[in-house]
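Beneath this line is the structure, given in structure tokens, with notes to follow.
Keep in mind that the numbers below use all heavy atoms, side chains included, and drop hydrogens, waters and symmetry copies. Letters A, B, ... mirror the listed sequences (proteins, then strands); counts begin at 1. Everything numeric in this text was worked out from a predicted model, so none of it was measured.
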Protein chains: 2
Amino acid sequence: MPTPHYGQPRYRSIADELRKRIQNGSIPPGSLLPAESTLTAEFQASRGTVRQSIAVLREAGLVATEHGRGTYACLRPANGGSEESSKTETRQRQVTADAALAALFSVREGAALIEEESVVRRDGVTESVARTYRLLRKEECIGNRDR
Amino acid sequence: MPTPHYGQPRYRSIADELRKRIQNGSIPPGSLLPAESTLTAEFQASRGTVRQSIAVLREAGLVATEHGRGTYACLRPANGGSEESSKTETRQRQVTADAALAALFSVREGAALIEEESVVRRDGVTESVARTYRLLRKEECIGNRDR
DNA sequence: AGAAATTTGTCCGTATGTATC
DNA sequence: AGATACATACGGACAAATTTC
């Protein structure tokens with residue numbers, strides 16, 4: 001069977017359909033979207049195509065995905081009356097890259113990184129801890145090895 | 001050979017190589033990149049993988065593609081403060097508090113936290129990695145689980 | 001103007017490795 | 001540890017835009 005498409009890519013049509021369902025409440029905010037396999041069956045599309053459509057919604061900020069769980073419809077921040085009694089403490093230190101960070105920065109494990117840690121407290125209660133990592137020196141990248 | 005993608009995925013390596021060629025002038029600005037079929041032969045990779053690597057460069061604003069024509073290396077200003085074309089990827093996952101985080105949040109070690117990781121890339125190169133931790137208990141984030 | 005070749009766009013099916021619950 | 005979902009990679013197929021002959 002040939003592939004009747006074009007005019008509009010399949011993954012975009014599916015993304016449009018899912019967006020409608022989210023916006024009209026058919027998929028309530030905060031709830032799980034149907035599983036990938038379910039969407040595959042419903043739209044008669046391959047997993048790759050379904051995943052592509054979900055990626056569209058994710059970039060649009062409409063959904064968020066958790067490994068091993070599924071994809072949620074986001075609740076948009078209503079952001080009610082938040083007090084302004086929060087304080088931020090920041091400090092810096094030098095650390096060495098663990099495996100995960102080394103992969104992200106494309107450097108070897110143990111390379112020097114700058115870690116900046118910001119602790120946000122509100123009413124004395126820690127609300128969030130942010131750790132930002134940057135390369136200490138540029139051009140610390142690993143050369144490409146032969147394939 | 002099957003498909004081991006230890007360390008850096010293949011499409012990123014290819015993207016790195018192509019980026020080098022663009023930035024060192026081997027592929028002059030405004031000129032066409034080799035066709036996908038050519039790159040497929042050169043890198044001994046499937047077309048899908050080659051296209052994925054080109055997509056990386058396209059999102060970085062290094063190249064532009066036209067249907068039926070090909071992919072061009074963009075002429076872009078050698079401007080000093082190129083603050084554009086940086087992109088942030090965000091993902092969330094659930095982690096357990098280590099000793100340091102447990103102390104900051106005044107919870108017991110091993111307590112559940114939400115980690116939000118934002119990776120900022122400019123021209124495909126990782127510039128910073130920020131990890132923000134919050135307590136799971138509130139309705140801060142989307143994934144309120146019933147279990 | 002028309003046909004063929006080239007090139008990118010989309011889609012399918014599959015396989016396997018990786019991460020999380 | 002098993003299930004689920006995600007990430008990477010392969011190969012093949014057809015559609016559509018462009019170029020070339």
Side-chain angles (χ1 to χ4, degrees), chain A residues 1-16 32-41 43-59 63-72 98-100 103-104 147, chain B residues 1-16 18 31-59 63-73 89-96 110 112-117 119 136 141-147:
Chain A
M1 190 165 23
T3 349
H5 55 78
Y6 251 62
Q8 170 133 348
R10 196 83 190 288
Y11 71 91
R12 224 170 284 172
S13 302
I14 297 176
D16 285 342
L32 271 175
L33 267 67
E36 190 184 60
S37 55
T38 307
L39 296 174
T40 294
F43 291 105
Q44 288 288 298
S46 73
R47 288 174 186 82
T49 301
V50 166
R51 284 175 48 71
Q52 212 172 346
S53 68
I54 291 178
V56 169
L57 300 179
R58 184 162 44 231
E59 280 184 45
V63 303
T65 302
E66 293 289 337
H67 262 98
R69 278 250 181 241
T71 299
Y72 297 88
D98 62 15
L104 283 168
R147 56 173 193 280
Chain B
M1 277 248 276
T3 9
H5 56 278
Y6 300 119
Q8 177 157 270
R10 200 103 162 6
Y11 71 91
R12 272 197 210 281
S13 300
I14 297 176
D16 285 343
L18 292 177
S31 71
L32 275 174
L33 268 67
E36 290 174 0
S37 56
T38 307
L39 296 175
T40 292
E42 174 180 346
F43 291 104
Q44 289 288 300
S46 73
R47 192 182 161 212
T49 302
V50 166
R51 284 176 56 77
Q52 210 172 347
S53 69
I54 291 178
V56 169
L57 302 179
R58 186 165 40 235
E59 286 182 40
V63 302
T65 302
E66 291 181 30
H67 193 170
R69 298 205 71 183
T71 299
Y72 294 90
E89 296 171 17
T90 303
R91 73 187 173 114
Q92 292 178 345
R93 56 177 173 155
Q94 186 173 336
V95 300
T96 56
L113 296 177
I114 289 291
E115 179 194 84
E116 183 176 301
E117 183 177 85
V119 180
L136 178 59
C141 298
I142 38 181
N144 254 355
R145 269 334 320 126
D146 47 303
R147 209 162 58 126

From the list C/dG9, D/dC6, D/dA9, which nucleotide is the closest neighbour of the side chain of B/T65? C/dG9
When the distance from NE2 of B/H67 to C1' of D/dC14 is rounded to whole Å, what number comes out? 11 Å
Rounded to whole Å, please give me the gap between CZ in B/R93 and P in C/dT18. 16 Å
Starting at atom CD of B/E36, determine the distance to atom P of D/dG12, rounded to an integer number of angstrom. 16 Å
Between atom CD in B/Q44 and atom P in D/dA9, what is the gap in whole Å? 15 Å
Atom-to-atom span, CZ of B/R12 to P of D/dT8 - whole angstrom: 7 Å
If you check the B/R47 side chain, which of D/dC10, D/dT19, C/dG9 turns out closest? C/dG9
D/dC10 OP1/OP2 closer than 4.0 Å to side-chain N/O of B/T49: yes
note: B/E66, atom CD; D/dT19, atom P; distance rounded to Å ~ 8 Å
Is there side-chain contact between B/L18 and B/L39, with heavy atoms separated by less than 4.5 Å? yes
Under 4.0 Å, counting only non-hydrogen atoms across every strand here, what does B/G70 touch: a base, just sugar-phosphate, or nothing? sugar-phosphate
Should B/R10 be listed as having a side-chain N or O under 4.0 Å from OP1 or OP2 of D/dT8? no
State, to 0.1 Å, how close B/I14 and B/A45 come at their nearest heavy-atom pair, and which atoms those are. CD1-CB, 4.0 Å
Can you see which heavy atom on B/V63 is nearest to which on B/I54, and at what distance? CG2-O, 4.1 Å
Can you tell me how far P of C/dT8 sits from CZ of B/R58, to the nearest Å? 10 Å
Considering only side-chain heavy atoms of B/S46, which listed nucleotide, D/dG11, D/dT19, D/dT8, is closest? D/dG11
Could you grab the distance from atom OG1 of B/T96 to atom CD of B/E115, nearest 0.5 Å is fine? 10.5 Å
Respond yes when some side-chain nitrogen or oxygen of B/Y11 is under 4.0 Å from OP1 or OP2 of D/dT8, and no when none is. yes
Measuring from the side chain of B/R51 (C-beta onward, heavy atoms only), which nucleotide among C/dT8, D/dA7, D/dT18 has the closest atom? C/dT8
Measuring from B/S53:OG to B/R58:CZ, what's the distance to the nearest 0.5 Å? 9.5 Å
Nearest nucleotide by nearest heavy atom, which residue falls closer to the 5' end of DNA chain D, B/G68 or B/V50? B/V50
note: B/Q8, atom CD; D/dA7, atom C1'; distance rounded to Å ~ 14 Å
